[in-house]
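These notes concern the structure reproduced below.
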Amino acid sequence: MTISIYNTPVKKKQPFTPLSGKKIGMYACGVTVYDMSHIGHARSLIVFDVISRYLRKQGYELTYVRNFTDVDDKIIARANSLGTSYKEISEKYIDEFRTDMNTLKVKPADVEPRATEYIPQIIELVRKLEEKGLAYKAEDGSVYYSVSKFREYGKLSGRRTEEMIAGARVDIEEQKRDPLDFALWKRSKEGEPWWESPWSKGRPGWHIECSAMSTDILGPTLDVHGGGRDLIFPHHENEIAQSEGAYNAPFVRYWVHNGFVTINGEKMSKSLGNFLTIRELTSEVHPETLRLLLISQHYRSPINFSKEAIQTSNQALVRFYELLDRINRATTAGGADRLKPIADAFMGNFEEAMSDDFNTAKAVAHLHDLTTEINRELDSSPSISEDDSRSLRSAFKLVSEVFGILEDEPAQFLDLIKRSGISETGLDEKEIQDLIDQRGAARKAKDFKRADEIRNMLLSKGIQLKDSPEGTVWEKI
RNA sequence: GGCGGCAUAGCCAAGUGGUAAGGCGACGGUCUGCAAAACCGUUAUUCUCCGGUUCAAAUCCGGAUGCCGCCUCCA
């Protein structure tokens, strides 16, 4: 099935055709490692994780590159304030990042380059730009890109240079010839890390690393390049200027940008200080709940983060796991085959939704439909044949592999959820089980008054009982 | 000041020309000793407002209002 992708510069969906057959080169801007990652980062990482999983599922040979910016002003500032080296800071937060990605089940990229590993390539690229007259060395030894020399500057973000100059918020730096120019190479100040270069002892500007690394690993033209919306300008605009200026080849075929996570309707960011770290959140919320919340909405829309939203996603996740558990328990050797058409239809719908600009929200809606349909079938006849069980397993395997959810053993997951809030009830498991047994005895003796007393007492402590032919189970609500 | 995006039920949210997905909540029903879960049904004659194009508009065009983002580090 042909995939269509919303391409930022043309502002519409376009059929996706990679540059060379089934091979795809995809680059997503990673994080600057100077602090713990927050759930805004999580969204971007999960969006591109799901996209990469889906592209692979569709049979593409994907090379996914995601960088670490491991030297920059903020890392240096952080190191200085803690009296340590930039290297220690970046190493520490790369480790923390990997721990978080592991928790969130975000798969590692195929290549995870760091700016500091590509200094020679960066210098080479800057030299090339200088040769072509697109860059100039300032008096202090820094090198700037001369934006006015690149005719197409602004084509990604839809801005014109004259308009930008008119804007009051462009910094005027002494060293720049033009306010729009940006640094390719920064001369290092006292106490800052530096590398030798033809211009000065210095370090790379922020934008240049992505051009240098992506070209080195994937070639001058990328099939897909992504990142958060906020990177469109100036970061990605500058990358285009650098790469196309140097190589005279189209830099990116499809630009993909994800929307923000907001808190109380306001963008969450490190600089605003209103952020929630991945670590904090996953200490209380199941990682799959967060993944489900994020994919329940289209990747380009903003998501407002709230307790209620988390709770709703958690309920949905429990609903799916309960179905999986029910399927496991209902599978028997006999029984008629009747569920294969339902499973097949779902897989078709799923593919259709995902191929339409990675419409995860619609795909999740299909998953809800699937859940309702299977539950309905099981209500009318509770056993599932081996063949049907296989069909259902392949449908849910598709969901797991693309979304990275429903990967736990259902019984285990439900048990975990059940235990997660047990401390709030003031009871331990044995006490709960004793009360359930007492209630069971009362019910057997038709002493429903006593049975209901026990049930209501447990309910007041947040424990909900569920009776079924196989016995009584409880859950924490 | 410039540029861009969004506005769909009580809430969250899909849907870019063919007559409003899905979830949460609420209400009614089936099941149950009664519940819970699951299932069935009801819950937007209408998509912020005003014009226009069209046989046909939530979808396209023009205008108004409101919210958000970018233009400075940002996922």
Side-chain angles (χ1 to χ4, degrees), chain A residues 8 11-13 28-32 34 37-48 69 72-74 77 154 157-160 162-171 180 206 226-235 237 257-262 265-272 275 292-293 296-298 300-304 306 308-309 311-313 315-316 318-319 322-323 326 349 353 356 359-369 371-380 382 443 446-449 451-452 455-456 459 463-469 472-475 477:
Chain A
T8 304
K11 294 179 191 165
K12 61 182 183 197
K13 292 179 198 170
C29 289
V31 291
T32 300
Y34 74 100
S37 299
H38 57 61
I39 58 175
H41 297 121
R43 179 176 198 190
S44 190
L45 271 327
I46 287 171
V47 162
F48 291 100
T69 298
D72 107 309
D73 290 349
K74 281 193 287 205
S157 53
R159 295 156 204 257
R160 281 200 295 240
E162 312 87 70
E163 289 161 349
M164 287 186 264
I165 293 164
R169 301 181 65 189
V170 178
D171 254 2
L180 292 179
W206 173 41
R229 286 199 70 83
D230 54 345
L231 296 182
I232 294 174
F233 190 88
H235 185 54
E237 197 69 71
H257 291 101
N258 64 273
F260 286 115
V261 175
T262 60
E266 201 178 36
K267 175 184 167 181
M268 173 169 59
S269 71
K270 289 181 183 175
S271 46
L272 288 174
F275 64 93
L292 182 59
L293 171 65
S296 294
Q297 227 158 120
H298 192 92
R300 281 186 277 111
S301 314
I303 292 184
N304 194 237
S306 66
E308 295 71 43
Q311 201 174 18
T312 302
S313 287
Q315 278 180 56
V318 169
R319 177 171 188 246
E322 276 183 335
L323 172 68
R326 190 176 183 195
N349 290 335
D356 181 12
N359 195 333
T360 54
K362 196 182 242 180
V364 170
H366 289 310
L367 181 58
H368 276 288
D369 286 340
T371 303
T372 301
E373 286 175 49
I374 297 171
N375 269 321
R376 183 197 300 144
E377 288 295 329
L378 294 184
D379 276 359
S380 73
R443 288 179 72 207
K446 303 259 188 249
D447 182 0
F448 295 120
K449 185 161 172 291
D452 290 351
R455 186 176 62 200
N456 290 334
L459 189 60
I463 292 164
Q464 175 74 60
L465 299 188
K466 295 161 98 169
D467 296 327
S468 78
T472 299
V473 295
W474 63 274
E475 63 183 30
I477 51 168

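So that the names make sense, note that chain A is the first sequence line, chain B the second, and so on, each numbered from 1.
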Nearest-angstrom distance, P atom, B/U45 to B/A20: 12 Å

Sugar-phosphate only, base, or nothing, as touched by A/Arg326 at under 4.0 Å among non-hydrogen atoms: sugar-phosphate

Partner set under side chain to side chain donor-acceptor pair (under 3.5 Å) for A/Gln297, not counting sequence neighbours: none

Nearest-angstrom distance, C1' atom, B/A21 to B/C12: 14 Å

N/O donor-acceptor pair, side chain A/Asp230 with base B/G69, under 3.5 angstrom: no

Summary of protein contacts for nucleotides 5-18 of chain B, nucleotide by nucleotide, where a base hit scores B, a sugar-phosphate-only hit scores S (4.0 Å, heavy atoms): S-------SSSS--

A/Arg455: salt bridge (Lys or Arg N to Asp or Glu O under 4.0 Å) partners, not counting sequence neighbours: A/Asp452

Side chain to side chain donor-acceptor pair (under 3.5 Å) partners for A/Asn349, two or more places apart: none

Inter-nucleotide C1' distance (B/U48, B/G66), Å rounded: 8 Å

A/Lys466 side-chain N/O to B/A38 phosphate OP1/OP2 under 4.0 Å: no

Sugar-phosphate only, base, or nothing, as touched by A/Val261 at under 4.0 Å among non-hydrogen atoms: base

Pair A/Thr372, A/Arg319: side-chain N/O donor-acceptor within cut-off below 3.5 Å: yes

Derivation of the side-chain contact (heavy atoms from CB on, under 4.5 Å) call for A/Ile463 and A/Glu475: CA-CA 6 Å; A/Ile463 292 164; A/Glu475 63 183 30; over 6 Å; no

Contact nearer the 5' end of RNA chain B, comparing A/Gly227 with A/Ser468: A/Ser468

Separation between the C1' atoms of B/C73 and B/A37, rounded to whole Å: 50 Å

A/Asp379 (side chain) and B/C40 (base): donor-acceptor pair under 3.5 Å: no

Side chain to side chain donor-acceptor pair (under 3.5 Å) involving A/Lys12 - partner list, sequence neighbours excluded: none

Touch class at under 4.0 angstrom, heavy-atom based, for A/Phe233 against every strand present: sugar-phosphate

Reading 5' to 3' through nucleotides 22-30 of chain B, protein heavy-atom contacts under 4.0 Å coded B for base, S for sugar-phosphate only, - for none: SSSS-----

Sugar-phosphate only, base, or nothing, as touched by A/Gly259 at under 4.0 Å among non-hydrogen atoms: base

B/U59 and B/A7, which share atom name P, separated by this distance in whole Å: 11 Å

